[in-house]
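Written below as structure tokens is the structure these notes are about.
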Amino acid sequence: MAPSRRLKRVAASQPGFLKLKPDSSAVGRRKRVNKNKKKSWNKHSDINDVDAFLEDVRLQERTTGGLLSEKSDESLFFLDAGPPKNEQKVSQPAEEQKRSKGKAWRPLRIDLILQRDSLVPIPKDVLAYQKPNAKKLRRIAQKGEQLAASGVVTRRQKRLLNRPPVKERTKKAVTEANNNPHRDYYDIWGEEAKDASDPWFLQQTGKTRVSRPARMNEKPSVLPAVEVIAAGGSYNPEFFSHQALLQEAHNVEVKKQKEEDRIDKQLAVNKEHFATEETILKEQVEGLVEEEEVEDDGGEAASEEDVAVGAIVMAAKKTEQQRRKERVEKLKVQRRRANRVKLDKQQQLFQLRSIKKTIKEQQANTKVKQEQRKSNQEAEKAQPRRLGKLKFQPQDMEVQLSNELAGSLRRLKPEGSVLKDRFKSLQKRNLIEPRERAKFKRRLKLKYVEKRAFREIT
């Protein structure tokens, strides 16, 4: 059995052997797909043969400059009859000849990589040869040639001819050479300022110094960076200085309390608006008891008599005599007003003293108002401005009561925070806008999960 099975296996391995049962892997049912859409067509279409053909065409164009089927035999083949007798060797540099020492000279590999290996001509850049308004400029040039041929001078040429001669400009300062040993040494990183007119400075820096604007030198506030507390804030103050500081702190607290009382008073409910037993009972029986309505015939009759029917009244037409009288009265009123104005002007001549006195009083009042306005402006410079949507809130005064004072520096306790004090100082001096601490609002709720290891322990 074994030799016959081996014989069958050898026969089946022959290339010309045909099997009775076809191989399922080689012959299978063809998969049917829809190619009615572009996406399906691109996915299930086999274009490898087309890609291979196009790649072969591109390779021939790069290597030979065209298709081999279109080339002539002379361009593809040549007769090799050995090197020519009158061959001239390529002249090499002396350094290359010394370095080669008898070896054949050949270019470096980096130069070969940079050489162009494609015979496809570079496409012509049309935009590089185009000029904006070329047609218009060509027409202007042709017109200028025609005018020049006829001897006509254009307006532009006349303007150029009539232009005054340019004055000789002063020569610029010649900078000294860097290799001059007698040149002054200048350190560009030095602290001392160098004159901007120095040519060496201009050469090294490459630009002139820009003058700083005067407004940038102005401080936004006249307040000092560090304010010194009053004498009563010392660790061992005098009695009267400490009492004055306590009084100032007391006034601040009283002002705050008044403001809170005012807000509470506005939000308070009036006792008269509270509901009583009578108002509650009246509201409950509203609509249940019907009141008797007494009709008053006499009142209705009186109301009907009071109502008057509006009649259309036609205005009577004025006569010519009435119109003439109205015109005369109007002229009289105008003359009377003109005479009154003239009389007032004449009376003002006798009131010069009183008018001068009034003018002096107005000037004095204006001067007082100007000084007051100027003083207010100076006072506003020391006040914080409104830089943002929030208003500046001053820091609470750091005051110690009489029983909290320490007799020595060793028992002194620190008051307030240095960081908060500096932050408020920047706001007060208009360097930054008043700010509030951002409120963190959690968008999602926290989810507590009990881990498996902890669950096993508990």
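What you see is a predicted model, and the numbers here were worked out from it, not measured in a lab.
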Distance-only donor-acceptor check, side chains Gln427 and Glu433, under 3.5 Å: no
Any chance you could lay out the side-chain contact (heavy atoms from CB on, under 4.5 Å) test for Gln383 and Ser221, step after step, and finish with the verdict? CA-CA 8 Å; Gln383 298 295 330; Ser221 178; over 6 Å; no
Verdict with supporting geometry, Asn36 and Asn34, side chain to side chain donor-acceptor pair (under 3.5 Å): CA-CA 6 Å; Asn36 56 348; Asn34 291 330; 5.2 Å; no
Just so I know, are the side chains of Arg385 and Pro220 near enough to count as touching, which here means a heavy-atom distance under 4.5 Å? yes
Do you know which two heavy atoms are closest between Pro107 and Leu112, and how far apart they sit? CG-CD2, 3.8 Å
Using a 6.0 Å cut-off, check whether atom CZ of Phe423 has over 12 heavy atoms from anything other than its own residue. yes
Without placing hydrogens or testing angles, list every side-chain donor-acceptor pair under 3.5 Å for residues 247-258, not counting sequence neighbours.
{"from": "Gln247", "atom 1": "NE2", "to": "Asn251", "atom 2": "OD1", "distance (Å)": "3.2"}
{"from": "Asn251", "atom 1": "ND2", "to": "Gln247", "atom 2": "O", "distance (Å)": "3.2"}
{"from": "Lys256", "atom 1": "NZ", "to": "Asp396", "atom 2": "OD1", "distance (Å)": "3.2"}
{"from": "Gln257", "atom 1": "NE2", "to": "Asp261", "atom 2": "OD1", "distance (Å)": "3.2"}

When the side chains of residues 129-137 are checked against the rest of the protein, which donor-acceptor pairs come out under 3.5 Å, sequence neighbours left out?
none

Distance only, no hydrogens: is a donor on one side chain within 3.5 Å (strictly under) of an acceptor on the other, for Asp111 and Gln115? no
Can you tell whether the side chains of Glu371 and Arg373 come within less than 4.0 Å, N to carboxylate O? no
Identify, with sequence neighbours excluded, every residue that meets side-chain hydrogen bond (donor to acceptor under 3.5 Å, both in side chains) alongside Glu272. none
Heavy-atom closest pair, residues Gly416 and Glu398: CA-OE2, 3.4 Å
Testing Arg429, Lys428, Lys424, Arg422 one by one against Glu227 for a salt bridge (Lys or Arg N to Asp or Glu O under 4.0 Å), which residue passes? Lys428
Is it the case that the side chain of Asp125 and the backbone of Leu127 share a donor-acceptor pair, with hydrogens and angles ignored and the cut-off at 3.5 Å? yes
I need the Leu59 CG to Leu54 CG distance, nearest 0.5 Å. 12.5 Å
Expected output: side-chain Asn430 to main-chain Pro384 donor-acceptor under 3.5 Å: no
Would you mind checking if Arg58 and Glu61 are paired as a salt bridge, meaning a charged N to carboxylate O distance below 4.0 Å? no
Rounded to the nearest 0.5 Å, the OH atom of Tyr235 sits from the CG atom of Leu409 at a distance of 4.5 Å
Measure from the side-chain N and O atoms of Lys71 to the backbone N and O of Thr64, and report whether any donor-acceptor pair falls under 3.5 Å. yes
